[in-house]
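Computed from a prediction, not measured in an experiment: that's the story for all the values here. Numbering of residues begins at 1 and proceeds along the displayed sequence.
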Amino acid sequence: MFYYQTEVLHLEASFLGTASVIGWFNLMLGTYIYNRYLKHKKLRNILMFAHVGLAIITVLDILLVSRLHIQHGIADKYMVLWGSALADAINQFKMMPFLILSGQLCPPGIEGTLFALFMSINNLSSTLGSFLGAALTSALNISSVQFDNLALGLAVQLMGTLLPIGFLFLIPRDVTGLTSGYRPDHHFFWTGLVCIP
């Protein structure tokens, strides 16, 4: 998308930098919104909202690549700006519950180790996602000068964004951003990923 925005849409580097700064501001805004309004909501609902929101952002990218927004008089800059700004805020809604739940479930004294493990897993998944994205672009013959199948690649990304919604049933229904699902009268606790007996 970066090459498409610079080589095809001819957006200036200063504008893309501004969009990135706005995205970081919205990352902080997403943290505030989560702490103020969403931490009491069901974790399933938060993650459903996040993935549907990210799917909508991907649809905006598909519209941008397909040039369908031009028919409605929407400039390329606004499409890129909205996508960049909203994606960072919505991603924060995905991260915050797991960070909070991890902190609640962590035994005293190893908080730093757990956080490092969590970040390592997050970075590993990001790296694997980059490799899979590179393999997909290669398979679809998308390059820095060839964008014919970019909309198709984004459609695959859209399906990948919606795929985790099918696994939300694995999260206990009553878990919120403030409760870990642990009950003293039960012999299991919910880690956010697996139920450990």
Side-chain angles (χ1 to χ4, degrees), residues 1-2 4-5 9 11 15-69 72 74-102 118-119 121-130 132-133 136-137 150-179 190 192-193:
M1 285 302 294
F2 175 78
Y4 181 81
Q5 291 167 0
L9 303 180
L11 297 177
F15 171 77
L16 295 176
T18 302
S20 179
V21 169
I22 292 173
W24 281 103
F25 174 77
N26 281 313
L27 191 66
M28 293 185 288
L29 181 63
T31 303
Y32 171 77
I33 292 173
Y34 177 82
N35 284 327
R36 184 82 172 105
Y37 302 107
L38 298 178
K39 63 184 178 183
H40 298 288
K41 303 295 182 187
K42 304 287 186 190
L43 185 56
R44 283 188 185 184
N45 295 340
I46 294 171
L47 294 177
M48 173 79 78
F49 165 78
H51 280 278
V52 170
L54 291 173
I56 291 171
I57 300 300
T58 305
V59 169
L60 289 178
D61 286 340
I62 293 173
L63 292 176
L64 178 70
V65 170
S66 303
R67 314 302 290 154
L68 296 175
H69 62 289
H72 302 287
I74 302 173
D76 295 333
K77 287 186 175 184
Y78 294 116
M79 294 290 288
V80 172
L81 194 60
W82 276 103
S84 173
L86 292 176
D88 290 327
I90 293 172
N91 271 317
Q92 194 67 358
F93 297 149
K94 282 176 48 179
M95 290 293 292
M96 288 297 293
F98 290 111
L99 291 174
I100 292 171
L101 291 174
S102 297
F118 186 79
M119 288 297 105
I121 293 170
N122 186 55
N123 291 336
L124 175 63
S125 65
S126 178
T127 301
L128 290 176
S130 297
L132 289 173
L136 177 64
T137 56
L150 184 55
L152 179 59
L154 289 169
V156 174
Q157 178 185 343
L158 175 63
M159 289 186 289
T161 302
L162 294 173
L163 184 64
I165 293 175
F167 296 95
L168 291 180
F169 71 93
L170 296 173
I171 300 174
R173 189 177 303 275
D174 59 341
V175 172
T176 69
L178 288 178
T179 59
W190 176 256
L193 298 175

Rounded to the nearest 0.5 Å, what separation is found between the [atom1] atom of [X] and the [atom2] atom of [Y]?
X	Y	atom1	atom2	value
L150	Q157	CG	CD	9.5 Å
L16	L81	CG	CG	10.0 Å
I46	I90	CD1	CD1	13.5 Å
W82	N26	CH2	CG	9.0 Å
K77	L9	NZ	CG	11.0 Å
I165	M48	CD1	CE	5.0 Å

Distance-minimising heavy-atom pair for [X] and [Y]:
X	Y	value
L154	T58	O-CG2, 3.4 Å
A151	I62	O-CG1, 4.4 Å
L60	M79	O-CE, 3.4 Å
L163	F167	O-CD1, 3.7 Å

Quiz item: Under the 3.5 angstrom rule, does the side chain of N123 hit a backbone N or O of M119 as a donor-acceptor pair?
Solution: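 Yes; at least one donor-acceptor contact below 3.5 Å.
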Quiz prompt | Expected output: side-chain H51 to main-chain L162 donor-acceptor under 3.5 Å | solution =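 A pair under 3.5 Å: no.
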Picking from [options], what satisfies side chain to side chain contact (heavy atoms under 4.5 Å, CB included) with [X]?
X	options	result
L54	N91, V59, L86	N91
L168	L43, L47, N45	L47
L124	N122, I121, L128	L128

Quiz item: Mind checking whether D76 and H69 have side chains closer than 4.5 Å, heavy atoms only?
Solution: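 Contact flag for D76/H69 side chains = yes.
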Practice problem: Flag yes if more than 12 heavy atoms outside F169 fall under 6.0 Å of its CZ atom; otherwise flag no. | Solution: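 Enclosed: over 12 neighbouring heavy atoms sit under 6.0 Å from CZ of F169.
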